[in-house]
Protein chains: 2
Amino acid sequence: MAAQERPAASEDKDHVSVWERLEQPTPAPRTTLTPLRIAKVAVGVADAEGLDAVTMRRLATELGVAPMAAYRYVTGKDELLELMVDFVYAELELPDGKEGWRATMRSVALRIREVLLRHSWVTRATWCAPTPNQLAVPEAVLAALDGLGLDADTAMAVYSTLTAYVHGAVDTEVGLTQMLRVRGWSTREEARAGLASQMAWLMSTGRFPMYARYISEARRKDDQQWQFEAGLDSVLDGIAARLSI
Amino acid sequence: MAAQERPAASEDKDHVSVWERLEQPTPAPRTTLTPLRIAKVAVGVADAEGLDAVTMRRLATELGVAPMAAYRYVTGKDELLELMVDFVYAELELPDGKEGWRATMRSVALRIREVLLRHSWVTRATWCAPTPNQLAVPEAVLAALDGLGLDADTAMAVYSTLTAYVHGAVDTEVGLTQMLRVRGWSTREEARAGLASQMAWLMSTGRFPMYARYISEARRKDDQQWQFEAGLDSVLDGIAARLSI
DNA sequence: CTCGGCTGTGTACGTTGTACGAGAACGATA
DNA sequence: TATCGTTCTCGTACAACGTACACAGCCGAG
């Protein structure tokens, strides 16, 4: 048994995060490169051509710099991704929480969805390292819940429930459009046709009668916004009901 | 690059002569490979060493076969992943739905969580192509909802809400343990220490007072099962409330 | 016994992340 | 101004990856 194989690099207790390093204000006067510029360019590439297009080499070309240059600011590709995710979350505008917990949470959810859809690669890049700008989300949510008399565990659970729903929903939403793109179906018509033909075989097995019926009867199948909000309101209802607030 | 001359046979290390090889004609029985066997082995590797360890070459070695052999059964790595995901979902046991919609949905959610935690790479491998065994989930859920008088769109929305929550929740749960493993913190103590030191810096910025307070007060922070079920019950409450069922 | 078609092999190419050491630009010192 | 140490950047190089392509051995049908 080859039990304990360590794939990752060597990092020990003296591991300083990117964020910590970011704080020391660029010890370099000469820097054509900065973590922020790197992140910005990388996000641009990812937005335009997908996460797979983000290559250390591609990044270097885009920055007008040698392939290895970025490694001065980033210990590896993983850290680059962290930077990218944080950069994206920076554009999230959070409500000030003066409108009550429910309105606040609702609007947080909707805005996160917008941002994640705008940068659809983010859901696949997040492996749950909390970046500073990501932490602003729980901060805002918890602030909105503060003063309602919830104990810490319950408040955190509420927050977790909300983000679990939002991430899950956006993830499948993104996954779906991603799949269409991978399959090469660009127009809605093409997509419907292609998907239908693929589904046809599955349905013809007779294993999924319910699914077949509901799919054929559903009318708002393509209205992602409606689906998202319907689920969101359910979740919020549930939270309200359970906490009687 | 000139001189790409084949060296004499005796030059190759542990080289068996042509004649010797001619002597043992059949090291290979027929059809050693099947999609199912491929998937099973790949899942084994992924479970043991993570998704990154699943390489076409690694898979080949594991199967006792040449690197390209699997391509007879799979058009590329993407298809391999589909196979793997489907293989995992095959072990999901779904309730028969005779216990009412709520109990059914609850148990579906819990079982999906179990399976996904058992194969923690699946959440990152899914880019939303519906495999047959995955389709069994909506089938079961819709069957449980049937006869409640919901229209197709609402029923689908209920299903989507549930899976969004489940996937989102398990995803962050998996992401967290993944992060611990990547950072090299194996024991719970190490993890707490490492995470704490990393958090300490973020908290010291003063940007996240609420978060800091709630984190320090929370007691069930590590009870993932409780958190999952708390959220799940919220979601189910919400669905019940909204549909008055 | 031959032969076409599967199934597995071998080799090769282009791309990736990144280790490593040489080189170039700077501030401080002499 | 000349020199030095430090800091940033580059060029090269390597192992590992996914997979294209042509081939070889075995099977059952004729």
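Order of the sequence lines fixes the chain letters, A, B, ..., with proteins taken first and strands second; residue numbering starts at 1 for each chain. All values derive from a computational prediction rather than experimental measurement.
One can place OH of B/Y71 at 10 Å from C1' of D/dA20, the figure rounded to the nearest angstrom. Distance, A/D52 CG to D/dT19 P: 12 Å, rounded to whole Å. Rounded to an integer number of Å, the gap from CE of A/M56 to P of D/dT9 is 13 Å. Across the protein-nucleic acid pair, B/L63 atom CG and C/dT7 atom P stand 15 Å apart, rounded to whole Å. As a whole-Å value, the separation of A/L59 CG from C/dT18 C1' is 14 Å. Between the P atom of C/dG17 and the CG atom of A/L81 lies a distance of 10 Å, rounded to the nearest Å.
Of the candidates D/dG11, C/dG17, C/dT11, the closest approach to any side-chain atom of B/M68 belongs to C/dT11. Closest contact between the side chain of B/R72 and the listed nucleotides C/dG8, C/dG17, D/dT19 involves C/dG8. Of the candidates D/dC17, C/dG17, C/dG8, the closest approach to any side-chain atom of A/K77 belongs to C/dG17.
Counting any heavy atom pair closer than 4.0 Å across all strands shown, B/A69 reaches a base atom.
When the nearest nucleotides of DNA chain D are assigned to A/A66 and A/R57 by heavy-atom distance, the more 5′-ward of the two goes with A/A66.
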Chi angles and distances behind the side-chain contact (heavy atoms from CB on, under 4.5 Å) call for A/L81, A/V54: CA-CA 10 Å; A/L81 286 183; A/V54 178; 5.6 Å; no
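Residues B/Y159 and A/Y211 keep their aromatic ring centres 6.0 Å or farther apart.
Dashed line: the shortest gap from a side-chain N or O of A/Y73 to OP1 or OP2 of D/dT9 is under 4.0 Å.
Here A/D47 does not pair with A/R118 in a salt bridge; the nearest charged N to carboxylate O distance is not below 4.0 Å.
Nearest heavy atoms, B/A66 versus B/A60: O-CB, 3.4 Å.
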